[in-house]
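A quick note: this is a predicted structure, and the numbers were derived from the prediction, not measured. Position 1 is the first residue of the sequence, and the numbers go up from there.
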Amino acid sequence: MDEIVKAAMAKWPNVPHCFGWLALDARGHWRMRDERSQTLNLPGDIIRHPTLLAFISRNYLCNEEGCWYFQNGPQRVYVDLEATPYIANTTADGNFALQHGEQAFTPELAFLDPQGRLQLSSGTTLAQLDDRDLAHCLPWLTLDQKAVSDEAILQWLEDGAMPGELQLSPPGTPGLSLNVQRCEEGQLMREFGFVAKPRQITS
């Protein structure tokens, strides 16, 4: 967290929290959701200002209830998550990064859900792969250490009893080979304990 943010929190400790105005979409874009966007359930405008994006990333945190937020000076701005708290992308050198290359990422576990979404985790960090990068990532998958077709991956995913070990081996990290696990839709959200749409509790 930035020192200027810590100072603002100490100076103004009781600023009301903000809900519904900031979102992270499934392609790693931060979006500002004004009143119209919220009323019409629209995704909101993509934030493109580099300085603001870097500021959000440096001050992006999670509370004890699993609600992610951006600490904007003294105000806590809670984030609506379309997918997971982080979004992963493949890189030109055959690795992964988070939020459009802002942070290098070496996963420890890999999961596929029934919709074919690849989710990666390392410690408490959970990231869904940007769907546009999935085609780039498919050649990194093997079944029983052999090249595998898209059709065979779908068959493995749909048939829970199908034998074979699906592995993910990013070429940019020699020696890294992850067993891909099947998971149900929403399973990791529950296991990692994060809240997709934090909202203020009113009595």
Using atom types as modelled and distance alone, determine if a side-chain donor or acceptor of [X] lies under 3.5 Å from a backbone N or O of [Y].
X      : Y      : result
Asn95  : Thr91  : no
Arg27  : Ile87  : no
Ser122 : Thr125 : no
Glu82  : Ala26  : yes
Glu185 : Asp113 : no

Quick check: do [X] and [Y] have side-chain heavy atoms less than 4.5 Å from each other?
X      : Y      : result
Glu165 : Asn179 : yes
Phe192 : Thr84  : no
His17  : Gln200 : no
Asp80  : Pro198 : yes
Trp30  : Leu52  : no
Pro114 : Glu184 : yes
Asn63  : Arg76  : yes
Arg33  : Asn41  : yes

### Query
Hey, any chance Phe19 and Leu61 share a hydrophobic cluster, counting ILVMFWY side chains that come within less than 4.5 Å of each other, even indirectly?
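They do share one cluster, since a chain of ILVMFWY contacts under 4.5 Å joins Phe19 to Leu61.
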### Hydrophobic cluster membership, Val195 vs Leu22, 4.5 Å side-chain cutoff
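No, separate clusters.
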### Query
Should the ring pair Trp68 and Tyr60 be called parallel, tilted or perpendicular, given that the plane angle runs from 0 to 90° and is split at 30 and 60?
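Trp68 and Tyr60: tilted rings.
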Euclidean distance, [Y] [atom2] relative to [X] [atom1], rounded to 0.5 Å:
X      : Y      : atom1 : atom2 : result
His136 : Leu138 : NE2   : CG    : 10.5 Å
Leu120 : Cys137 : CG    : SG    : 7.0 Å
Gln128 : Leu24  : CD    : CG    : 10.5 Å
Gln187 : Arg182 : CD    : CZ    : 12.5 Å
Asn72  : Ile56  : CG    : CD1   : 8.0 Å
Leu118 : Asp130 : CG    : CG    : 11.5 Å

### Message
Test side chain to side chain contact (heavy atoms under 4.5 Å, CB included) on Leu154 and Glu151; report intermediate values, then the result.
### Response
CA-CA 5 Å; Leu154 288 174; Glu151 292 76 14; 5.7 Å; no
### Message
Check for me whether the distance between the ring centres of Phe70 and Trp21 falls short of 6.0 Å.
### Response
no
### Task
Step through it carefully: locate the ring centre of Phe96, locate the ring centre of Phe105, and say whether they are under 6.0 Å apart.
no
Quick one: closest heavy-atom pair of [X] and [Y], and the distance?
X      : Y      : result
Ile47  : Leu53  : O-CD2, 3.4 Å
Gln119 : Cys183 : OE1-SG, 4.5 Å
Val148 : Leu166 : CG1-CD1, 4.5 Å
Phe111 : Leu109 : CE1-CB, 3.7 Å
Leu134 : Gly116 : CD2-O, 3.6 Å
Tyr69  : Cys62  : CE2-C, 3.8 Å

### Message
Does either side chain, that of Gln99 or that of Gln103, offer a donor lying less than 3.5 Å from an acceptor on the other one?
### Response
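No donor-acceptor contact under 3.5 Å links the two side chains.
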### Task
Step by step, work out the salt bridge (charged side-chain N to carboxylate O under 4.0 Å, His left out) result for Lys146 and Asp144.
CA-CA 6 Å; Lys146 297 178 182 178; Asp144 289 336; over 6 Å; no
#### Entry: Atom CD of Gln115: over 12 foreign heavy atoms under 6.0 Å
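Yes, CD of Gln115 has more than 12 neighbouring heavy atoms, counting only those of other groups under 6.0 Å.
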### Query
Would you call Arg36-Asp34 a salt bridge at under 4.0 Å N-O?
no
